[in-house]
Amino acid sequence: DGGITQSPKYLFRKEGQNVTLSCEQNLNHDAMYWYRQDPGQGLRLIYYSQIVNDFQKGDIAEGYSVSREKKESFPLTVTSAQKNPTAFYLCASSIPGTEYNEQFFGPGTRLTVL
Amino acid sequence: AQKVTQAQTEISVVEKEDVTLDCVYETRDTTYYLFWYKQPPSGELVFLIRRNSFDEQNEISGRYSWNFQKSTSSFNFTITASQVVDSAVYFCALSEFNDYKLSFGAGTTVTVRA
C-alpha cells in the first residue's frame, strides 16, 4: 500500500535534548513537508523540500532542522533551541508542478517535552 | 498574503442534524485552490475535496456538500444527517496557483452526539 509513515507515534523528550522525527513515503512524490499543529490552531509549515538535497524554511523554522538525502525520507530534528516543542507534528507529500498542490498526510507524531 | 478563516471553533450537534462549517478566504490571485480536510481523533488528515477558483459549481458527495461563492470568498461545507463518525476536526485550506504552500484555517471541531 502506498502512503506516508511517521514514527514514532508518541515521543517524549527531556528539556535540552534533540530529537528526530521520522517521515517516509512510498508514493514517489518529489515534495515533502513538515507541519506543526497546536491545540486550537491550524497547521503551520516548518520546512518543505521540493527535490532531494534541497529544502526551504517555512513559517516557523526556528529551532528545527531537516535533511533530504533520499526522495522517500524527510526527517525532522527538533533541537534544544526550540522553546516550546510540545505539539503534534504532521508530515505530508505532494507532486510538485501540479497546479493545485494536493498534499497527502501521514498519521503524525505527538511530541511531549517533560 | 493568503489567509483562511474558520470562525467556528466548535460545533456540537445531535445525530441526524445537519451541520454547516464556514470557511472564508483571502487571496490576491485569480487562480487558486480550496481544500477541505478531516482530522479524526487518530490524527491523520484525510482529504475531502479540492475546488479551483474557476469552478463555482456546488458539489455533493453522499452526505457531504460544498458551497463555493467567489462573491463572498467563502467555501462552506455541510454535513447532512450527521453521524457520530463525523466527529472530527475539519480544516479548510487554500493554495495559490503553482505555490508550494497550503494555508490552513484554525479548524472547526465537530462533535456529533448519539
Side-chain angles (χ1 to χ4, degrees), chain A residues 3-11 21 23 25 27 29-51 54-61 74 87-111, chain B residues 1-11 21-27 29-55 68 75 88-110:
Chain A
I4 302 174
T5 57
Q6 291 186 242
S7 60
K9 189 172 178 65
Y10 298 96
L11 189 57
L21 283 59
C23 177
Q25 56 99 358
L27 299 168
H29 287 171
D30 289 305
M32 297 186 74
Y33 310 80
W34 274 105
Y35 291 90
R36 170 180 171 138
Q37 183 180 10
D38 294 282
Q41 297 191 38
L43 279 67
R44 292 183 291 167
L45 183 65
I46 305 172
Y47 268 97
Y48 70 101
S49 167
Q50 292 188 297
I51 55 172
D54 186 49
F55 49 83
Q56 284 79 41
K57 293 181 179 180
D59 299 319
I60 55 165
F74 191 40
F88 188 56
Y89 291 87
L90 284 156
C91 179
S93 70
S94 70
I95 304 172
T98 57
E99 55 189 29
Y100 42 78
N101 189 26
E102 180 177 330
Q103 296 184 13
F104 298 82
F105 287 82
T109 292
R110 191 167 298 279
L111 173 64
Chain B
Q2 55 195 31
K3 183 180 174 182
V4 178
T5 301
Q6 294 180 254
Q8 303 149 305
T9 306
E10 295 183 30
I11 300 176
L21 311 181
D22 298 333
C23 173
V24 175
Y25 62 91
E26 295 177 32
T27 178
D29 262 22
T30 55
T31 303
Y32 52 89
Y33 301 87
L34 295 162
F35 302 79
W36 276 96
Y37 284 88
K38 173 182 180 180
Q39 185 179 42
S42 61
E44 183 172 348
L45 263 70
V46 178
F47 168 80
L48 295 178
I49 190 172
R50 176 187 71 248
R51 213 50 164 169
N52 74 56
S53 53
F54 299 107
D55 182 1
F68 176 31
F75 186 43
V89 183
Y90 292 86
F91 290 98
C92 181
L94 167 71
S95 175
E96 293 174 341
F97 184 67
N98 276 339
D99 191 1
Y100 66 89
K101 189 173 179 178
L102 267 182
S103 292
F104 285 85
T108 298
T109 300
V110 173

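Here the structure is a predicted model, which means the values were calculated and not measured. Order of the sequence lines sets the chain letters (A, B, ...), proteins ahead of strands, with each chain counted from 1.
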Practice problem: Return the option, out of A/Gly106, A/Gly58, A/Gly108, with the maximum number of heavy-atom pairs under 4.5 Å with chain B. | Solution: A/Gly106

Quiz item: Of A/Phe104, A/Tyr35, A/Phe105, which is the lone residue that meets side chain to side chain contact (heavy atoms under 4.5 Å, CB included) with B/Leu45?
Solution: A/Phe105

Quiz item: For B/Ser42, is it the side chain, the backbone, both or neither that has a heavy atom under 4.5 Å from a heavy atom of chain A?
Solution: backbone

Practice problem: Please state whether the side chain, the backbone, both or neither of B/Tyr37 comes within less than 4.5 Å of a heavy atom of chain A. | Solution: side chain

Practice problem: Verify the neighbour count for atom CZ of B/Phe54: are there more than 12 heavy atoms of other residues, nucleotides or ligands below 6.0 Å? | Solution: yes

Practice problem: Output the distance between atom CD (A/Gln103) and atom CZ (B/Phe35), rounded to the nearest 0.5 Å. | Solution: 7.5 Å

Quiz item: Hey, what do you get for CD (B/Glu44) to CD (A/Gln6), rounding to the nearest 0.5 Å?
Solution: 8.5 Å

Quiz prompt | All pairs passing salt bridge (Lys or Arg N to Asp or Glu O under 4.0 Å) where residues 39-48 of chain A contributes a residue, at least two apart | solution = A/Asp38-A/Arg44

Practice problem: Begin from the C-alpha positions of B/Tyr33 and A/Glu102 and carry the test side chain to side chain contact (heavy atoms under 4.5 Å, CB included) through to its verdict. | Solution: CA-CA 9 Å; B/Tyr33 301 87; A/Glu102 180 177 330; over 6 Å; no

Quiz prompt | Stepwise side chain to side chain contact (heavy atoms under 4.5 Å, CB included) test for B/Gln39 and A/Leu90 | solution = CA-CA 11 Å; B/Gln39 185 179 42; A/Leu90 284 156; 4.0 Å; yes

